[in-house]
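Along the sequence shown, residues are numbered consecutively beginning with 1. Counting convention: from 1, in listed order, for ligands and their atoms alike.
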Amino acid sequence: MNEDTSRFVARHVQGLPCSGIREFFSIVSKMPDAISLGIGEPDFHTPWRIREAAIFALERGKTSYTDNLGLIQLRRAISDYVEEHFGLGYHPENEILVTTGVSEGLDAALRAFINPGDKALYHEPCYVAYHPCIQLSHGLGVPVATSAEDQFSLNPETLAKAWQPGCKALLLNFPTNPTGGVLEADSMASVARFAEEKDLLIISDEIYAELSYGQKHRSIAALPGMKERVLFLHGVSKAFAMTGFRIGFACGPAPLIEAMTSVHQYGMLCAPIVSQEAALEALRHGQEAVESMRQQYLRRRDYIVRRFNEIGLPCHLPKGTFYAFPDIRSTGLSEEQFCHRLLKEQKVAVVPGTAFGPSGKGFVRASFATGYDLLIEAVSRIEQFLQNLG
Ligand code: PMP
């Protein structure tokens, strides 16, 4: 009997890389005394009043499907929130789709807009899902490298050089996972002009927007003339510490939202109702909790970045997210060697920069969504590790 069932797996799925992060964290999970700076999610519990809203929803018997687009009350709250925080007006009836996390929003967008063979530009290092999701939608990913010299922002000239005929979309993620890079106003204006010139659809994942530490976050969709070519993706996972609720939302021109809704209604039907009720509470009354968590991330960021630089790992100041991205080239180790040895010798987990694409070479990602005291201990173990290297 032929035992090899892998022949049933589609070719484009066989070709997907196994997430570098997943592999590494199966090792970490077996080490109870390790300090993990690897996880891409808040260490805070979801604020109590949001959890209570979920419990109350269950108590009221809210256990059904909802409209494919999501609860209308939630879409109204999203509309108000996006208007207040991003200066963008979207109509709750036909310009907003509630998704099962930004993950589903991204997947539905790519499946709705990418024809087989269409090309999608994305800046890199980037969130691990971007390239595989482009592949899953039968598109071709075109990476645009970013660098520490540019604070991991998107250099408009590098973007123009990376462009090729057949590029239809540009994926943006500012502030960026894994680098904490942001797109300053002048670069944003150039990127917008370039998108207009090349008629690109921008898919803008702004999931870390509230976790910005310098200037207030601005969306590229808010630039004059851009709203018609930008799909704005956002969600409650990061700023509201609600990763397990799985709620995101897509806002954009009605025809784009309609196309995404076709994909969403057959693939997902709707986002879970209890989570939608919780997200409603978050957007209406969660701002104070968000600000309190942001302040704590800010304090941790300032600490960890200062210490990395002190111990000899140059690290730019991330202007958003909860990730630091130090340069480990001075150790002479590859990022893989660095991470494996650091874990084995000092029981601290950080993620190799190359898990986020080839331009992460020479860097590691350290999440500061970790308690302040643990950060102090982790950095002192990293210092010891560097001293042992000599
Ligand atoms: N986009 C980025 C840039 C992320 O870092 C993540 C989570 N790590 C996601 C999307 C997925 O978010 P969600 O929980 O909303 O699916």
Side-chain angles (χ1 to χ4, degrees), residues 19-22 24-25 36-44 46 50 70 74 78 81-82 97-110 120 122-134 136 141 143 146 152 154 170-183 202-212 217 219-220 231-251 260 264 267-268 271-272 275-276 278-279 282-283 286 290 297 318-325 351 353 355-357 360 365-370:
S19 163
I21 303 190
R22 208 173 63 191
F24 192 65
F25 281 95
S36 179
L37 306 185
I39 306 291
E41 67 177 324
D43 57 319
F44 299 106
T46 305
I50 300 173
L74 176 57
I78 291 167
Y81 185 86
V82 173
L97 169 67
V98 178
T99 56
T100 307
V102 170
S103 302
E104 196 229 337
L106 179 73
D107 182 56
L110 291 167
Y122 61 97
H123 55 98
E124 190 228 85
C126 66
Y127 177 42
V128 291
Y130 287 176
H131 191 235
C133 280
I134 296 168
L136 282 171
T146 63
F152 294 101
L154 177 57
L170 167 63
L171 271 62
L172 297 179
N173 169 226
F174 294 105
T176 309
N177 173 11
T179 59
V182 298
L183 194 56
I202 295 182
I203 300 176
S204 186
D205 172 354
E206 304 187 29
I207 193 166
Y208 294 97
E210 292 86 347
L211 304 180
S212 295
H217 174 84
S219 174
I220 194 162
L231 182 80
F232 171 87
L233 297 179
H234 196 26
V236 294
S237 284
K238 310 291 175 171
F240 295 90
M242 290 177 68
T243 48
F245 283 88
R246 313 304 306 123
I247 294 291
F249 43 90
C251 305
M260 281 179 71
H264 166 83
M268 191 61 67
S275 299
Q276 291 194 51
L283 296 180
V290 169
Y297 292 131
K319 294 192 179 136
T321 74
F322 37 59
Y323 308 112
F325 205 61
V351 186
F356 308 96
R365 188 189 78 175
S367 163
F368 47 89
T370 307

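- Side-chain atoms of T100 never come within 3.5 Å of backbone atoms of R246 as a donor-acceptor pair (strictly under, hydrogens ignored).
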Dump all N/O pairs between ligand 1 and the protein below 3.5 Å as a table: atom names plus distance, one pair per row.
unit_1   : atom_1 : unit_2 : atom_2 : d
ligand 1 : 1 (N)  : D205   : OD2    : 2.6
ligand 1 : 5 (O)  : N177   : ND2    : 2.8
ligand 1 : 5 (O)  : Y208   : OH     : 2.7
ligand 1 : 8 (N)  : K238   : NZ     : 2.7
ligand 1 : 14 (O) : S237   : OG     : 2.6
ligand 1 : 14 (O) : R246   : NH1    : 2.7
ligand 1 : 15 (O) : V102   : N      : 2.7
ligand 1 : 15 (O) : S237   : OG     : 3.3
ligand 1 : 16 (O) : V102   : N      : 3.3
ligand 1 : 16 (O) : S103   : N      : 3.0
ligand 1 : 16 (O) : S103   : OG     : 2.5
ligand 1 : 16 (O) : R246   : NH2    : 2.7

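- In this pair, Y297 and F322 present their aromatic rings tilted. The plane angle is within the 30 to 60° band.
- By the 4.5 Å heavy-atom criterion applied to side chains, I134 and L110 are counted as neighbours.
- Classification of the F152-F325 ring pair by plane angle, with boundaries at 30° and 60°, yields perpendicular.
- At least one side-chain heavy atom of V351 sits under 4.5 Å from a side-chain heavy atom of F356.
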Quick one: do L283 and I78 satisfy side-chain contact (heavy atoms from CB on, under 4.5 Å)? Show the steps, please.
-> CA-CA 7 Å; L283 296 180; I78 291 167; 3.5 Å; yes
